[in-house]
A.B. asks: 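One structure, as structure tokens, below. Some questions next.
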Amino acid sequence: MNFVTRFAPSPTGLLHLGHAWSALLAWRRARELGGRFILRIEDIDTGRCKPAFEPAMLEDLTWLGLDWDGPVRRQSDHFDDFDAVLNTLRDEGLAYPCFCTRRQIEAEVAASQSAPHGLLGLIYPGTCRSLDETERLERLAAGENHAWRLDAGLAAARAGPLTWQEDGRGVVEVDPLVGGDVVLARKDTPSSYHVAVTHDDHLQGITHIIRGEDLHPSTHVHRLLQALMCWSEPVYTHHGLLRDDQGKRFAKRDRALTLRSLREAGLTPEEVIAMAETLAERDSAVS
Ligand code: GLU
């Protein structure tokens with residue numbers, strides 16, 4: 001069986017126990033099935049990502065006993081690839097420039113009765129979708145700050161009904177409007193997570209995506225982009241997130257449970273893995 005999976009952390013901090021669990025699930029599956037396990041650094045958000053975390057992540061994964069196949073792909077080296085995706089969507093009439101500031105969007109959403117707040121956060125009210133072409137061109141020519149957004153309604157109509165395969169759990173119906181007109185690119189971040197991740201999953205021939213359930217809502221957007229770009233469809237697993245004793249999921253701000261701090265506290269890789277397994281079992285027992 002052709003099995004290619006990946007672990008795709010963003011270097012915004014050190015890896016914590018939750019990351020280790022996600023990486024381990026994907027790595028184990030690849031090794032069990034004689035497949036490939038790829039490591040990708042998702043650092044397109046150059047404001048939040050710090051280059052120093054990248055070698056630290058690689059070192060921590062190696063310490064844990066994980067190895068990966070082929071070179072590590074660093075997304076910030078490939079902005080041109082993501083730009084090409086944006087161009088395709090623009091050429092197809094599926095992307096439009098949005099000149100709204102975050103504050104304007106928040107004010108508009110607050111003023112509207114329905115206050116649309118989706119699974120992916122604030123739903124853009126669509127203000128710039130209806131700008132006429134002349135105004136768009138004038139504002140672009142004047143160099144006004146803008147983002148590019150997906151016209152999700154049009155994209156959904158173009159793509160038709162979509163589903164994805166959730167490994168071992170059957171078929172999930174895609175709600176293409178779950179995130180509304182999501183951002184595809186910004187001035188300061190010339191690609192969005194959604195564009196970069198789907199592009200690279202396709203480019204790297206990822207057949208199985210194993211990642212935390214916090215990204216389940218994003219998968220609706222990813223399936224839509226895959227369909228629009230005629231990219232192949234991976235099988236997904238969204239695993240439960242490890243939680244602390246208060247039931248809060250681990251985050252990069254929880255310094256105590258970074259792999260680095262556990263290792264410095266004298267734990268062995270086997271003990272760290274056992275700790276992650278215990279937490280995962282505890283959570284699946286209560287859910
Ligand atoms: N880079 C994303 C993160 O660190 C994960 C992307 C993915 O697995 O699809 O949250």
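Any value given below was found using the heavy atoms of this structure, including those in side chains, with hydrogens, waters and symmetry copies removed. Just so you know, ligand 1 is whichever comes first in the structure, and atom 1 is the first atom listed for that ligand.
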A.B. asks: Under 4.0 Å between a Lys/Arg side-chain N and an Asp/Glu carboxylate O for Asp67 and Arg31?
C.D. replies: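 Between Arg31 and Asp67 there is a salt bridge, with a charged N closer than 4.0 Å to a carboxylate O.
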
A.B. asks: Using 4.0 Å as the upper bound for N to carboxylate O, is an ion pair formed by Asp43 and Lys50?
C.D. replies: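 Looking at Lys50 and Asp43, the cut-off is not met.
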
A.B. asks: Which ligand 1 atoms, with their elements, are less than 4.0 angstrom from a heavy-atom of Glu42?
C.D. replies: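 Numbered from 1, ligand 1 contributes 1 (N), 2 (C), 5 (C), 6 (C).
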
A.B. asks: Report the part of Ile209 in contact with ligand 1, treating N, CA, C, O as backbone and CB onward as side chain, heavy atoms under 4.0 Å; options are side chain, backbone, both, neither.
C.D. replies: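 Neither; nothing of Ile209 gets under 4.0 Å from ligand 1.
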
A.B. asks: Report yes or no: do Ile210 and Tyr193 belong to one cluster of Ile/Leu/Val/Met/Phe/Trp/Tyr joined by side chain heavy-atom distances under 4.5 Å?
C.D. replies: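 No, because Ile210 and Tyr193 fall into different hydrophobic clusters, even though each may have its own neighbours under 4.5 Å.
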
A.B. asks: Between Phe7 and Phe37, what is the ring plane arrangement, given parallel below 30°, perpendicular above 60°, and tilted in between?
C.D. replies: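 Ring orientation, 0 to 90° scale: parallel.
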
A.B. asks: Parallel, tilted or perpendicular: which one describes the rings of His16 and Phe250, with boundaries at 30° and 60°?
C.D. replies: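 Because their plane-to-plane angle lies in the 30° to 60° range, the rings of His16 and Phe250 count as tilted.
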
A.B. asks: Within a distance under 4.0 Å of any heavy atom of Leu215, pick out the atoms of ligand 1 and give their elements.
C.D. replies: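 Contacts of ligand 1 toward Leu215, numbered from 1: 5 (C), 6 (C), 7 (C), 8 (O), 9 (O).
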
A.B. asks: Minimum distance, heavy atoms only, to atom 8 (O) of ligand 1: which one of His222, Arg6, His194 is it?
C.D. replies: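 Among His222, Arg6, His194, the closest heavy atom to atom 8 (O) of ligand 1 comes from Arg6.
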
A.B. asks: Would you kindly specify which portion of Phe7 sits under 4.0 Å from ligand 1, judged on non-hydrogen atoms: side chain, backbone, both or neither?
C.D. replies: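 Answer for Phe7: neither.
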
A.B. asks: Show the atoms of ligand 1 that are less than 4.0 angstrom away from any heavy atom in Val197.
C.D. replies: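 What qualifies from ligand 1 is 9 (O).
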
